[in-house]
Amino acid sequence: MTARIIDGKEIAKKLRYELAQKIDKEPVHPRLAVIWAGDNEASQIYVRNKQKAAQEVGIDCELFHFDKEVAESDIIALIHRLNHDQLVHGIIVQLPLPEHLNSKNILETIQADKDVDAFKMVMTGALWQNRASWTSATPEGVLYLLKTVISDLSGMHAVVIGRSDIVGKPMSGLLLNEDCTVTITHSKTKNLPEIVKTADIVVAACGQPKMVKKEWIKAGAVVIDVGITKVDGVLYGDVDFEEVKNVAGAITPVPGGVGPMTVAMLLKNTYTAYLKQKNSL
Ligand code: GUN
């Protein structure tokens, strides 16, 4: 069996088109502030992709770039200013931040109704109580992709590999809200291959290139690869795509799978934040 390839690039393009149609009817453009500190090469690419995609759908995107020695208080002061700016609907801080900065403190400063990455604690709580207006972009993008190949997720066994605050944990919450049976695994998990083998859905988000092998995958399982690691100039996911595609029922490629969905979902969240703020004025 050869897996169906889930084309995240195409699905994200369609989503951006639909979003642009909606935004075109609005009297003002939603506005997203992107805060980035330092010179991390990957972050630079992500930031540029976000700016380009935002512009394409009619979201004004303003970049605030600090050098890598920036003081935490300078970023926090900027966030306070953006929180009070009624023309700004969404604020994100590109991660990772330089090591001397406390990311958690900084993220907590963002006002909840502008936290379009949904990284602050109250947003996590809303997700786990299934009361969130939006959730973090990458897991939301993964869920969207899953729904293109599975009509009803209820009762399925989903194994999430990775427990990060920005992917593994929110992903697990989202899948639980869809009535999946969720197993969260991580670097200390024993018998990982055996556990993954029982999954109907595998979400790999552990940052270990090509770690997930075909022997780990139950025939027909849907495999979503969130990993993206550059090795000698080549991008690899966490899944050994070439061999797993012969066992899985559906699989995402890297690149061109989850990555474009993250950006599309961030834009969708910004539009939702805009609508909520507009309606509460
Ligand atoms: N770094 C890696 N993923 C993300 C993301 O989804 N949002 C932000 N702000 N930074 C990231």
Side-chain angles (χ1 to χ4, degrees), residues 8 12 15-16 31-54 59 61-66 68 70 75-76 78-79 82 88-99 101-112 114-121 123-124 127 132 134-145 160 162-174 203-209 224-230 235 237-238 252 254-255 257-270 272-273:
L15 276 172
R16 292 198 307 272
R31 191 170 188 85
L32 172 67
V34 176
I35 301 171
W36 173 39
D39 50 15
N40 181 295
E41 197 189 330
S43 292
Q44 184 174 23
I45 295 167
Y46 294 140
V47 165
R48 205 180 297 142
N49 287 346
K50 287 172 187 178
Q51 285 180 290
K52 188 167 159 274
I59 291 177
C61 182
E62 189 170 3
L63 173 63
F64 298 87
H65 185 208
F66 293 94
K68 60 174 182 293
V70 62
I75 299 185
I76 288 179
L78 170 64
I79 294 174
L82 295 169
V88 173
H89 306 96
I91 304 169
I92 65 164
V93 177
Q94 187 62 36
L95 301 176
L97 285 169
E99 273 189 13
L101 299 171
N102 183 328
S103 305
K104 292 198 166 162
N105 277 352
I106 290 173
L107 294 172
E108 280 306 311
T109 314
I110 300 173
Q111 202 167 281
K114 298 190 181 188
D115 181 14
V116 286
D117 259 338
F119 287 162
K120 65 182 299 183
M121 285 188 285
M123 303 299 271
T124 305
L127 166 63
W134 62 77
T135 53
S136 299
T138 299
E140 216 171 303
V142 170
L143 184 61
Y144 194 96
L145 292 180
V160 178
R163 55 172 158 181
S164 69
D165 287 340
I166 70 174
V167 183
K169 284 180 198 165
M171 186 76 248
S172 306
L174 274 175
V203 179
C206 52
Q208 300 296 323
I224 308 285
D225 192 347
V226 183
I228 185 157
T229 310
K230 213 180 209 180
L235 291 178
D238 293 344
T252 57
V254 175
V258 174
M261 294 301 291
T262 296
V263 178
M265 290 299 163
L266 171 69
L267 302 176
K268 181 189 71 67
N269 290 351
T270 305
T272 307

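Each ligand, and each atom within it, is numbered from 1 in the order the structure gives. Heavy-atom basis, side chains included; hydrogens, waters and symmetry copies ignored.
The shell of residues lying under 4.0 angstrom from ligand 1, judged by heavy atoms, includes K50. Look at Y46 and you'll find every heavy atom at least 4.0 Å from all atoms of ligand 1.
A 4.5 Å side-chain heavy-atom check between K268 and L15 finds every atom pair outside the cut-off. The shortest distance between side-chain heavy atoms of Y46 and T262 does not fall below 4.5 Å.
In this structure, the side chain of W134 does not engage the main chain of M265 through any donor-acceptor pair within 3.5 Å. Side-chain atoms of D238 come within 3.5 Å of backbone atoms of C206 as a donor-acceptor pair (strictly under, hydrogens ignored).
Of the candidates L95, T138, I228, the one placing a heavy atom closest to atom 10 (N) of ligand 1 is L95. Considering L266, V263, D117 only, the shortest heavy-atom separation from atom 8 (C) of ligand 1 involves D117.
Closest protein heavy atom to atom 5 (C) of ligand 1: F119 CZ, 3.9 Å. Nearest non-hydrogen protein atom to atom 11 (C) of ligand 1 is Q94 NE2, 3.5 Å. Closest to atom 3 (N) of ligand 1 among all protein heavy atoms lies I166 CD1, 3.7 Å.
For a threshold of 3.5 Å applied to N or O pairs, the pair formed by V93 and ligand 1 contains at least one separation below that value.
Remark: L235 pairs with I228, K230, P255 by the side chain to side chain contact (heavy atoms under 4.5 Å, CB included) rule, at least two apart or across chains. Residues meeting the side-chain hydrogen bond (donor to acceptor under 3.5 Å, both in side chains) test with D165, sequence neighbours left out: K104, K169.
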